[in-house]
Amino acid sequence: MKVSVQQEDFDLGLEVLDIQQDNRIGAVASFVGQVRDVPMTLEHYPGMTENAIKKIVEEARAQWEIMDYTVIHRYGDLQPNDQIVLVAIASSHRGDAFAACQFIMDFLKTQAPFWKKEHHPEGARWVNALESDDQAAERWRKLKPQQRLIKP
Amino acid sequence: MKVKVLLFANLREQIGTGVELVDLPDSASTVAGLRLHLMKRGGAWQNALADMKVVRVAVNQDMAAAGAPLNHGDEIAFFPPVTGG
């Protein structure tokens with residue numbers, strides 16, 4: 001059960017190993033986001049960022065069975081291919097793990113106070129928020145509870 | 001009353017500071033009141049807070065709407081829509 005906002009990189013294998021120990025766990029779903037194309041600086045709001053992520057995780061836990069989880073988001077200066085974010089969810093079955101992982105990522109993109117500044121050769125610019133990210137989060141609100149489990 | 005105003009990302013750069021203690025008249029004790037109070041300073045403050053479609057507000061680290069009341073000692077943050085993940 002870990003939420004971390006940090007400058008340091010993370011090791012996906014070690015983080016997954018850390019949450020798959022309980023023998024009732026039958027599934028671990030993980031997502032890693034990484035930097036595309038150009039270097040960037042990630043700014044955040046210390047305190048609020050951690051709390052916002054914890055709230056999103058609690059919302060997910062109210063809807064799906066989550067037996068353990070790790071959410072890591074980095075800040076500071078990052079290069080192309082650097083890892084930015086990890087969401088890893090351990091559950092007894094894959095449906096809950098997949099759905100909770102996607103839900104947390106969708107809301108992290110629209111609710112957690114992070115801001116990306118891209119460093120292009122012609123100058124730096126702040127990334128604009130995407131309407132498609134808002135729509136991805138909004139989609140979950142429209143689903144009835146019984147529709148929220150991704151079926152195989 | 002005194003409140004602490006925080007600015008992030010492009011708003012911090014536009015205004016040229018990330019944190020400021022603001023003496024707010026009791027008659028302006030809402031998020032909207034604080035915003036108008038800061039915009040009256042003109043210049044970068046006025047420009048940065050002019051279009052609330054591209055400004056989000058948090059009071060004591062929770063997202064807040066324009067009508068949210070403010071109290072002495074509150075921490076109010078203005079920032080653009082978030083782009084993490």
Are [X] and [Y] grouped together when hydrophobic residues (ILVMFWY) are joined by side-chain heavy atoms under 4.5 angstrom apart?
X	Y	value
A:Ile19	A:Val57	no
A:Leu86	A:Val35	no
A:Phe103	A:Val3	yes
B:Phe8	B:Val3	no
A:Met105	A:Ile89	yes

In terms of heavy-atom contacts, does NE2 of A:His93 have more than 12 from other residues, nucleotides or ligands at under 6.0 Å? no

Return yes when atom CD of A:Gln21 has more than 12 non-hydrogen atoms of other residues, nucleotides or ligands closer than 6.0 Å, and no otherwise. yes

On a heavy-atom basis, which atom in A:Ala112 and which in B:Val82 lie closest, and how many Å separate them? O-CB, 3.3 Å

Do the side chain of A:Lys117 and the main chain of B:Asn10 share a donor and acceptor less than 3.5 angstrom apart? no

Quick one: does any side-chain atom of A:His73 pair with a main-chain N or O of B:Gly84 as donor and acceptor, under 3.5 Å? no

Roughly how far apart are B:Thr83 OG1 and A:Trp126 CH2, rounded to 0.5 Å? 8.0 Å

Between B:Glu75 and A:Met48, is there a side-chain heavy-atom distance shorter than 4.5 Å? no

Close side-chain approach of A:Trp115 to B:Pro80, heavy-atom, < 4.5 Å: yes

Need one label for B:Ala58: side chain, backbone, both or neither, based on atoms under 4.5 Å from any heavy atom in chain A. side chain

Name the option with the most non-hydrogen atom pairs under 4.5 Å to chain B; the candidates are A:Phe31, A:Phe114, A:Tyr45. A:Tyr45

Could you look at A:Asp134 and say if it's the side chain, the backbone, both or neither that has a heavy atom under 4.5 Å from chain B? neither

I need the residue from B:Arg56, B:Arg12, B:Gln61 with the largest number of non-hydrogen atom pairs under 4.5 Å to chain A. B:Gln61

